[in-house]
Amino acid sequence: MEVRGVAEASSQGYGSVGYFGWNSLSKQAAMYYMTGDEFHAREFCRLAFPDAQAQREIAEIDGERIENKDAPLSEPYHYNAHLMILFWD
């Protein structure tokens, strides 16, 4: 996932996606929290309640990190979900 002007952190052995605690939704929530840029809040909502296009993007980007692409808020893989709640509020 390319986040506007932000390099993604690496998790050794898991490529450059930042595996533990991160998925597309948690990254967008963190970016909104850190920048206040409403683009990221809208992207979070688009991914949280996905249409067919967003489901394809989630499948391509997140793979196993979101187990049910139809319900990404309720069925992310647990190792990749724990940071989502930190930014929820």
Side-chain angles (χ1 to χ4, degrees):
M1 167 190 267
E2 190 171 315
V3 178
R4 286 200 258 179
V6 177
E8 294 183 357
S10 294
S11 293
Q12 188 174 10
Y14 292 93
S16 63
V17 295
Y19 188 80
F20 294 104
W22 297 106
N23 58 46
S24 294
L25 283 83
S26 61
K27 288 179 183 183
Q28 292 297 339
M31 288 302 299
Y32 176 64
Y33 177 79
M34 291 187 292
T35 68
D37 185 343
E38 292 183 5
F39 167 81
H40 299 292
R42 288 189 301 274
E43 279 296 289
F44 175 86
C45 289
R46 184 180 75 82
L47 296 170
F49 306 101
D51 60 9
Q53 176 60 35
Q55 288 174 345
R56 285 190 297 275
E57 291 173 20
I58 290 168
E60 181 181 326
I61 295 167
D62 290 304
E64 71 178 15
R65 289 176 296 211
I66 302 289
E67 292 178 322
N68 182 348
K69 284 36 168 192
D70 296 327
L73 286 178
S74 62
E75 296 190 46
Y77 184 60
H78 65 281
Y79 281 123
N80 309 109
H82 66 275
L83 292 177
M84 285 172 55
I85 195 65
L86 298 176
F87 300 107
W88 199 291
D89 194 21

Considering non-hydrogen atoms only, spot the tightest contact between [X] and [Y] and give its length.
X	Y	value
Ala54	Leu47	CB-CD2, 4.2 Å
Lys69	Gly63	NZ-O, 2.6 Å
Glu64	Glu67	O-CG, 3.8 Å
Leu25	Asn23	N-OD1, 2.9 Å
Phe49	Leu73	CZ-CD1, 4.0 Å
Ala48	Pro72	O-CG, 3.7 Å

Please report the interatomic distance [atom1]([X]) to [atom2]([Y]), rounded to the nearest 0.5 Å.
X	Y	atom1	atom2	result
Arg46	Asp51	CZ	CG	7.0 Å
Glu43	Met31	CD	CE	12.0 Å
His40	Tyr33	NE2	OH	15.0 Å
Gln28	Asp37	CD	CG	9.5 Å

For this session: May I ask you to check whether over 12 heavy atoms, not counting those of Glu60, lie within 6.0 Å of atom CD?
Result: no

Exercise. Does the side chain of Ser24 reach to within under 4.5 Å of the side chain of Ile66, using non-hydrogen atoms?
Worked result: no

